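Convention: sequence-line order gives letters A, B, ...; per-chain numbering from 1. This is a predicted model, so every value here is computed, not measured. Values below: every heavy atom of this structure, side chains too, minus hydrogens, waters and symmetry copies.
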Amino acid sequence: MGSSDIYEPQIIENKWLKIWQEEKIYSLKSDNYSSKYYVLEMFPYPSGEPHMGHARNYTIGDVLARVIARRGYDVLHPIGYDAFGLPAENAAIKSGIHPKESTMANIDKMRKALKRMAMTYDFEDEIITSDPSYYKWTQWLFLQLYRMGLAEKKEAGVNWCDSCQTVLANEQVISGRCERCDSIVRKRVLSQWFFRITDYAQRLLDDMELIKDGWPERVLTIQRNWIGRSEGARVDFRFDDGSDNTIIPVFTTRPDTLYGVTFFILAAEHPLVDSIVTGEKEKKEVARIKALITAQTDIERGSAEIEKIGCFTGRYVINPVNDQRIPVWIANYVLLEYGTGAVMAVPAHDTRDFDFASKYGIEIREVISPDGKTHGTLSEAFTGEGIMVNSGPFTGKKSDDGKKEIIKFLEEKKIGNFEINYKLKDWLISRQRYWGAPIPVVFCEKCGTVAVPESQLPVLLPYDVDFKPTGFSPLLYKEEFVNTRCPSCGGAAKRETDTMDTFVCSSWYFLRYCSPHLESSAFDREKADKWMPVDQYIGGIEHATMHLIYSRFFMKALYDAGLVSNKEPFTKYYPHGVVTLGGQKMSKSKGNIVNPSEIYNKYGADTLRLYILFIGPADSIVDWSNKGVEGSHRFLKRVWKLVTDNIDFIKNHAPSGLSHIDSGSMLKNMYSQGKLGLQEKEVYKKLHQTIKKVSGDILDRFNFNTAISSIMELVNMMSKYNEDIKAERRQAVLVYESTVKLLVLLSPVAPFITEELWHKMGANGSIHRVPWPEYDAEIAREEMTTVIFQVNGKLRDKIELESGTSADELEKVALASEKIKKYIEGFQIVKIITVPDKLVNIVIKQ
RNA sequence: GCGAGAGUGGCGGAACUGGCAGACGCGCUAGACUUAGGAUCUAGUGGGCUAAUCACCUGUAGGGGUUCAAAUCCCCUCUCUCGCACCA
């Protein structure tokens, strides 16, 4: 046995990497096809070499892209790097290595690893968001939004992370903590840049209709919750003494409970609080409670468990529907950020108000009754719909109707109106950090805020800066950067020193991929129209309310600007599951990491790719197992042995000039002429069943794990055939055909070993150019079927019968079965259920 | 607390519209080859009963139901995962 008969993954993989690169087989694009398919995996943040989650994500996308391309589609399958971001800058503070250097070094590592794993990307088309040729267009897009009035600088209470020394978008705060470093986030009032994503809240909801068939429902639910639409009314309250005309609007989803308002609450931070409190005693108490409340973190205030506290302010407002005097309180459970920061409290019909009223002895007045009767003292809030009681002219109405009528009443009297409220906040995009795209704006004393003209883009990020975190952008201390001329009047002006949230960069990269090298604009409209939307997007679900919602917003804004033709960026989205080790999330700090490189260096990339798909369903959490890797490697060794054995056999036994193109039709002829033996027919049928199963599993169901098991079954059956039948009696055409098709089916998952064996078979050209096989339904159909016989639903016998045997015949055979007879003798047969090709169930009376 | 999804051998997981539960892989057991085996091959492998690979019983978190037939459909309970959670 020569050395060429041993499976040596390192040697063959390195060999093919080189050849493929020379022959550029990875360019899946061609403009000659009519049907396009855009496969995209979320691009990586270049943190070093890729981790197992990356390997999983990219392998899934790669296999899909390969199969689709070989079904004749024109496939766009690009890669790039989300290269701006905090980790590189934090590393720079620690180590002194410039973010640009570390980022580029990491990208090199990443690219090398992706290539080594045989990902079908055209690396010449990759994009790097931190490159001026890219962020020039990020800045340009910022300006488009600015012109549309969708970008604005405004004073607002924002989330501040002390550890990251920057503000965070709402989406980056996960239950009161920083998404990146887990520190507790605190509120600060700062002037910051925002994108008005709230203007698109309704469309982000409505357009879910366009993508609902391709997105998992749970992801849309997460977005729906995040947007948080609620319908109700705005109701204006005024102070009772006419001392001023200040209107305090509130938002309520239950205008039908307006008659049950017994107190009124302002958020402790509400700007009116300080000015309205007049009495000395109240001033003291309000100051004390306010201090207590503001000391509570957002996490505490956001939790329903924390005790409700508050106090009376000494002032009253008038309930506009019945002119009653309502005491004004402050309380910790009313949040400034939501609605108007003021609430009409209806303790009888709101659990929070009920708790508060009970604690402080405030009146609880029932106005909605489940049965239309009044109930005196309530033991808990009734929050359901019912019949209005104690509600003046509205008494007796159903709450649903009452809502509409009260809104109508408010609108007529101009003291309120129908309103929709959203939890979604505007997207805060400025960051007080260095390693990001500069916001292309200057401030001029004469002209105010001035957009940098397109011709002056990009606003280059200076290289030499001091990274010390001071709470302000490092750019602020870079005078050459800050001091500039006003583009409008030419006078002295100062540049904006904040940079953009990296999520801005990633909100449009899928468009840049359509024309990655274009210098004259962000993207070529025609190309974007050809490729967009992304047909299949693949990536982690943790971006449900960040990247995925921002990208949807961007696409809509660009659509409104007339820059793109689609409203949604991603037709289908598939969230893959994470890879754990010992049930724990892999993390550097815990030291429980298996890197893809360890695996491909030891077993080869084919083993890695195979195992990461075989490990479990692609959308579920899977636990890494080194034993499992070995199993996958063993399988490839078995394939190697089977195919090399068959190559030897074919050399000695096959008719000369046999090619895989005619082996198929030759075999079909032999099959129809009855020239195949029993076991040969079985192998032949299994082959076509496998083609069917693998195609469906990959393309329709994303079931890579079962696609691989079915290939394993085929290999097992082919090996068994070789074992059972002596070489001289084997059917050469069958051996040839099944070996060829086996390699083709396996090639997207294990591109190296299949290419090597393909060439060992004497083929010309790459296996990765061979069209995806079609199955023949006639051959895939089983001739014989196992029919089970049951008595009272219990399995008692089974028999092989020709497929399609009639129900009558089945019944006859079943009743003739010795085993069945044993069970039914002496009993009365009640009925017999027959399902052709499946079973006969004889029901007897016992 | 509310909502959604899930629970199948020792393990990862199959079972498409109700119709042979446990495909495929790991692990384990026995055997073959071998100086050796953590290589490779063969056979076996849900549990119980059994001399047996015959036969039988039992079995998909637990309990009930629908059905000729339930891992699959319905109800209740338990457990886990995810989402939401003073959102007025």
> Is there a Watson-Crick or G-U wobble partner for B/rG83 with both distances under 3.5 Å, and which nucleotide is it?
Replying inline: B/rC2
> In terms of side-chain geometry, is the basic nitrogen of A/D645 or A/K641 positioned less than 4.0 Å from the acidic oxygen of its partner?
Replying inline: yes
> So which nucleotide does B/rA70 pair with, by the Watson-Crick or G-U wobble rule with both distances under 3.5 Å?
Replying inline: none
> B/rU67 and B/rC74: how far apart are their C1' atoms, nearest whole angstrom?
Replying inline: 12 Å
> Which of the following nucleotides, B/rG83, B/rC57, B/rG13, is nearest to the side chain of A/N225?
Replying inline: B/rG83
> Using the P atom in both, what is the distance from B/rU42 to B/rC49, to the nearest Å?
Replying inline: 32 Å
> Going by the angle between their ring planes, with limits at 30° and 60°, are A/F264 and A/F237 parallel, tilted or perpendicular?
Replying inline: tilted
> In whole angstrom, what separates A/I174's CD1 from B/rA85's P?
Replying inline: 11 Å
> Do the side-chain N and O atoms of A/Q324 and A/Y259 include a donor-acceptor pair separated by under 3.5 angstrom?
Replying inline: no
> What integer number of Å spans the C1' atoms of B/rA23 and B/rG1?
Replying inline: 42 Å
> Roughly how many Å is it from CG in A/N626 to C1' in B/rC11, rounded to a whole number?
Replying inline: 15 Å
> In the strands shown, is B/rA36 matched to any nucleotide by a Watson-Crick or G-U wobble pair with both distances under 3.5 Å, and which?
Replying inline: none
>> Taking the C1' atom in each of B/rC11 and B/rG22, what is the distance between them to the nearest angstrom?
In response: 13 Å
>> For a 4.5 angstrom cut-off between non-hydrogen side-chain atoms, does A/Q689 reach A/E782?
In response: yes
>> Can you check the distance between B/rG7 and B/rA15, where both ends of the measurement are the P atom (answer in whole Å)?
In response: 12 Å
> According to the Watson-Crick and G-U wobble definitions, with both distances under 3.5 Å, which nucleotide is paired to B/rU42?
Replying inline: B/rA30
> Paired with B/rA21: which nucleotide, if any, by Watson-Crick or G-U wobble criteria at under 3.5 Å for both distances?
Replying inline: none
> Can we say A/E630 and A/K602 salt-bridge, meaning some charged N sits less than 4.0 Å from an Asp/Glu carboxylate O?
Replying inline: no
> When rounded to the nearest Å, what value does the distance between P atoms of B/rG48 and B/rG9 take?
Replying inline: 15 Å
> What nucleic acid atoms does A/V843 come within less than 4.0 Å of, heavy atoms only: base, sugar-phosphate, or nothing?
Replying inline: sugar-phosphate
> With no hydrogens and no angle check, do the side chains of A/Y333 and A/R352 hold a donor and an acceptor under 3.5 Å apart?
Replying inline: no
> Relative to each other, are the rings of A/F356 and A/Y360 parallel, tilted or perpendicular (30° and 60° limits)?
Replying inline: tilted
>> Between P on B/rA85 and OH on A/Y333, what's the gap in Å once rounded to a whole number?
In response: 18 Å
>> Please evaluate residues A/E713 and A/K693 with respect to the criterion salt bridge (Lys or Arg N to Asp or Glu O under 4.0 Å), reporting the C-alpha separation (whole Å), side-chain torsions for both, the decisive distance (0.1 Å), and the verdict.
In response: CA-CA 11 Å; A/E713 285 178 51; A/K693 172 93 174 126; over 6 Å; no
>> Looking at A/K720, I'd like to know whether one of its side-chain N or O atoms comes within less than 4.0 Å of OP1 or OP2 on B/rU42.
In response: no
> If you measure from the C1' atom in B/rU81 to the same atom in B/rC86, how many Å do you get, rounded?
Replying inline: 25 Å
> Taking the chi torsion of B/rG9, is it syn (within 90° of 0) or anti (everything else)?
Replying inline: syn
>> Checking contacts here: which listed nucleotide (B/rC86, B/rA55, B/rA88) is nearest the side-chain heavy atoms of A/S230?
In response: B/rA88
> At under 4.0 Å between heavy atoms, what does A/R218 touch on the DNA or RNA strands: base, sugar-phosphate, or nothing?
Replying inline: nothing
> Given that A/T221 and A/G339 both sit by RNA chain B, which one's nearest nucleotide is further toward the 5' end?
Replying inline: A/T221
> Under a 3.5 Å cut-off for both distances, is B/rA51 Watson-Crick or wobble paired, and to whom?
Replying inline: none
> Considering Watson-Crick and G-U wobble pairs with both distances under 3.5 Å, what does B/rA14 pair with?
Replying inline: none
>> Whole angstroms only, please: what is the NZ-C1' distance between A/K585 and B/rC82?
In response: 14 Å
>> If I take atom CZ in residue A/R352 and atom C1' in nucleotide B/rA85, what distance separates them, rounded to the nearest angstrom?
In response: 11 Å
> Closer to the 5' end of RNA chain B via nearest nucleotide, is it A/K794 or A/S620?
Replying inline: A/S620
>> So that I can tick it off, tell me whether A/K187 and A/E269 are bridged by a salt bridge, with the cut-off set at under 4.0 angstrom between side-chain N and carboxylate O.
In response: no
> For atom P, what is the distance between B/rC54 and B/rU35, given to the nearest Å?
Replying inline: 38 Å
>> Just to be sure I understand the rule, does A/V334 reach a base, reach only the sugar-phosphate, or reach nothing, if contact means heavy atoms closer than 4.0 Å?
In response: base
> What string of B, S and - do you get for nucleotides 16-26 of chain B 5' to 3' if you count protein non-hydrogen atoms under 4.0 Å?
Replying inline: ---BB--BBSS
> For A/L424 and B/rC84, what is the distance between atoms CG and C1' respectively, to the nearest whole Å?
Replying inline: 16 Å
>> Whether A/K685 and A/E682 form a salt bridge (side-chain N of Lys/Arg under 4.0 Å from carboxylate O of Asp/Glu) is what I want to check.
In response: no
>> When both hydrogen-bonding distances must be under 3.5 Å and the geometry is Watson-Crick or G-U wobble, what is B/rG9 paired with, if anything?
In response: none
>> Whole angstroms only, please: what is the CD-C1' distance between A/Q223 and B/rG83?
In response: 13 Å
> Hey, does A/R796 reach any base, or is it just sugar-phosphate, or nothing, if we go heavy atoms under 4.0 Å?
Replying inline: sugar-phosphate
> Does a side-chain N or O from A/Y823 land closer than 4.0 Å to OP1 or OP2 of B/rC56, or not?
Replying inline: yes
> What's the CD-P distance between A/Q689 and B/rA14, to the nearest Å?
Replying inline: 20 Å
